[in-house]
Amino acid sequence: METQHPPIYVTQPSLPPLEEFTPYLKQIWESKTLTNGGPFHQELERALCKHLGVKHLALFTNATIALVTALQALRISGEVITTPYSFVATAHSLLWNGIKPVFVDVDPNTLNLDPSKIEAAITSHTTAIMPVHVYGHPCDVEAIQKIADRYNLKVIYDAAHAFGVQREDGSVLNHGDLSILSFHATKVFNTFEGGAIICRDAKTKNHIDHLKNFGFVDEVTVVAAGINGKMSEVNAAFGMLQLKHIENSILLRKGIDANYRRQLNEVKGIRCLNLSGETIANYGYFPILIEAEYSLSRDQLYEKMRENNIYARRYFYPLISDYPMYRDLPSAQRSSLPVAVRASEQVLCLPIYPALQQFEQQRVIDLIRSI
Ligand SMILES: *Cc1c(COP(=O)(O)O)cnc(C)c1O
């Protein structure tokens, strides 16, 4: 029998040394402010605005509640055009608001919503577009905005993967009406659980702040049927600590990304997804597409890796539109989503995280090359 190597997962949360977190906890114990927009919450909102280059940011308990609240904040109803190629929370946030998702196919190069296919899906009930910057690769924000302007639609970006991603014109989070980040443990920047809504003006930020706190404006005034979406002080404090390490984390990820590209580019049948040259990336994911010229199918390679204790992930398979609560929608037909269907059958996300050791990454690469 082969010697079994220790497991390698697709990601591993970034955790600074525990000692670095204790002073933060001490501060919370001393202030006895555990939540409700305490000092760390306020500090992290300011620090993230500065770090990301955005005007207003409201912290949330997680990105899913932030997505649900974002739709409430803009009073979105009826139908929303979205992508089937994402994490299931994107479409779930629509269902939780009684909105009908309308799935539109993705672009073969970016795997993001294909703007050229949006217009055909617009009806008199369409009120918004909810695209996703998949793997942190920016959507075609100009083309999407043009369509939104022409049809008077809102644009809400699920930017769960796009922490720190910049285009030539600055943060990608400044596009659309609202953008939503996730700070879940598996994401590039994590607060254990967490998320945020990015918006452009103080009035909207104020409204979102009310919505995430049951609709309270003051002790006796409730202006909306809000929810409890507040981030706690422990999570916010952890975010402050993470922020100190984020630049280094992303640099380590960048090195891993470059090494994969260098060593996998020559492998027949393996295609790495490329970013446009001007993008400053966060290297949160390393997706490869297993094409026909490779000697195994994607699922065969996935299984082969598992046998070798390497846990790559098939993000995103199945497509959202194939889950039982969506598959009967007219827009969920696989025949109208050929690019997304193909991608979901070909893509494999390889391990990438700051603590991934070079010999571990080499084990992943050697396995793919040995077949
Ligand atoms: C992680 C993720 C979410 C959900 O984020 P949570 O913070 O776990 O609620 C939503 N959309 C996408 C695309 C994601 O990857």
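Reckoned from all heavy atoms, side chains included, excluding hydrogens, waters and symmetry mates.
Between Y326 and F103, the ring-plane angle classifies as perpendicular under the 30° and 60° cut-offs. Between F316 and Y85, the angle of the ring planes goes over 60°, which puts this pair in the perpendicular group of the 30/60° scheme.
V364 is listed as a side-chain neighbour of M305, based on a closest heavy-atom distance under 4.5 Å. With a 4.5 Å cut-off on side-chain heavy atoms, P354 and R253 count as touching. Looking at heavy atoms from C-beta onward, I246 lies in side-chain contact with V188 at the 4.5 angstrom threshold. Between H133 and V165 there is no side-chain heavy-atom pair separated by less than 4.5 Å. Side chains of T127 and R75 form no contact here, defined as non-hydrogen atoms less than 4.5 Å apart. Contact annotation: the side chain of Q263 approaches that of Q362 to within less than 4.5 Å [non-hydrogen atoms, C-beta and beyond]. A 4.5 Å side-chain heavy-atom check between N112 and D107 finds every atom pair outside the cut-off. In this structure, the side chains of I290 and L296 stay at 4.5 Å or more apart for every pair of heavy atoms.
The number of heavy-atom neighbours closer than 6.0 Å to CZ of R313, taken from other residues, nucleotides and ligands shown, is 12 or below. Summarising the local packing, CD of Q358 is surrounded by 12 or fewer heavy atoms from other residues, nucleotides or ligands at distances under 6.0 Å. The neighbour count for K230 NZ, taken as heavy atoms of other residues, nucleotides or ligands under 6.0 Å away, is above 12. For K304, the NZ atom counts as loosely surrounded, since its 6.0 Å shell holds 12 or fewer non-hydrogen atoms of other residues, nucleotides or ligands.
Considering every non-hydrogen atom in both P108 and L111, the closest pair reads O-CD2, 3.9 Å. Summarising the geometry of A91 relative to I320, their closest heavy-atom pair is CB-CG2, 3.5 Å, with the distance given to 0.1 Å. For E345 against R298, the heavy-atom pair with the smallest separation is O-CB, 3.2 Å. For the pair I144 and P115, the tightest heavy-atom approach, listed with the atom from each and the gap, is CG1-CG, 4.3 Å. Across all their heavy atoms, I28 and A237 have their closest contact at CD1-CB, 4.0 Å. Summarising the geometry of C139 relative to V132, their closest heavy-atom pair is SG-O, 3.2 Å, with the distance given to 0.1 Å.
Under the 3.5 Å distance criterion, the side-chain polar atoms of D257 are left unmatched by any main-chain donor or acceptor of F286. In this structure, N213 contributes its side chain and F216 its backbone to no donor-acceptor pair below 3.5 Å. Proximity of a side-chain donor or acceptor of Q242 to a complementary backbone N or O of N190 within less than 3.5 Å is detected. Side-chain N or O atoms of E79 include none that pairs as donor or acceptor with a backbone N or O of I122 at under 3.5 Å. Of the possible polar contacts, one joining the S336 side chain to the Q333 backbone as a donor-acceptor pair under 3.5 Å is found. A distance-only check finds a donor-acceptor pair linking the side chain of R363 to the backbone of N308 [under 3.5 Å]. Under a 3.5 Å cut-off, the side chain of Y260 and the backbone N or O of P351 do form a donor-acceptor pair. Put simply, the side chain of S331 never gets that close to the backbone of V102: no donor and acceptor are under 3.5 Å apart.
Applying the side chain to side chain donor-acceptor pair (under 3.5 Å) test to D149 and every residue at least two apart in sequence or in another chain returns Q145.
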Inset, instruction - Apply side-chain contact (heavy atoms from CB on, under 4.5 Å) to the pair E30 and K26, showing each step before the final yes or no. - result: CA-CA 6 Å; E30 279 161 11; K26 232 177 168 164; 4.2 Å; yes
Legend entry - Check against side-chain contact (heavy atoms from CB on, under 4.5 Å), M231 and T191: CA-CA 9 Å; M231 178 182 277; T191 59; 3.5 Å; yes
Legend entry - From CA spacing to verdict: side-chain contact (heavy atoms from CB on, under 4.5 Å), T126, Y151: CA-CA 9 Å; T126 311; Y151 292 89; over 6 Å; no
Inset, instruction - Determine, stepwise, if the pair R46 / Q42 fulfils side-chain contact (heavy atoms from CB on, under 4.5 Å). - result: CA-CA 6 Å; R46 281 195 301 271; Q42 292 171 35; 4.1 Å; yes
Listed pairs under 3.5 Å, donor-acceptor, residues 265-273 side chains, sequence neighbours left out:
residue	atom	partner	partner atom	Å
N265	ND2	R261	O	3.2
R271	NE	E291	OE2	3.1

May I have the list of side-chain donor-acceptor pairs in residues 11-23 shorter than 3.5 Å, sequence neighbours left out?
residue	atom	partner	partner atom	Å
E20	OE1	H245	NE2	2.7
T22	OG1	E19	O	2.8

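For the residue pair Y302/R306, the side-chain donor-acceptor check at 3.5 Å is satisfied. Counted by atom type alone, Q72 and N97 present one or more donor-acceptor pairs between their side chains at under 3.5 Å. Counted by atom type alone, D114 and S116 present one or more donor-acceptor pairs between their side chains at under 3.5 Å. Residues N174 and S171 have side chains that never bring a donor and an acceptor to within less than 3.5 angstrom of each other.
In the hydrophobic clustering of this structure, L350 does not group with F359; members are Ile, Leu, Val, Met, Phe, Trp, Tyr whose side-chain heavy atoms approach within less than 4.5 Å, directly or through other members. A chain of hydrophobic side-chain contacts below 4.5 Å, direct or via other Ile, Leu, Val, Met, Phe, Trp or Tyr residues, connects F87 to L95.
Note that CG of L243 is 7.0 Å distant from CG of L44, once rounded to the nearest 0.5 Å. Atom CG in L367 sits 9.5 Å away from atom CD in E307 (nearest 0.5 Å). Rounded to the nearest 0.5 angstrom, S182 OG and E193 CD are separated by 7.5 Å.
Cluster partners of I65, by chain and number: F60, L67, L71, L74, I76, V80, L94, I99, M130, I156, L178, I180, I197, I208, I227. The rule joins Ile, Leu, Val, Met, Phe, Trp and Tyr whenever side-chain heavy atoms lie under 4.5 Å apart.
For residues 168-196, the pairs satisfying ring pair (Phe, Tyr, Trp, His ring centres under 6.0 Å) are F163-F189, F183-F189, F192-F238, with sequence neighbours left out. Residue pairs meeting the salt bridge (Lys or Arg N to Asp or Glu O under 4.0 Å) criterion with at least one partner in residues 207-216, sequence neighbours excluded, are E45-K212, K205-D209, D209-K212.
Using a 4.0 Å cut-off between charged side-chain N and carboxylate O, R167 and D169 make a salt bridge.
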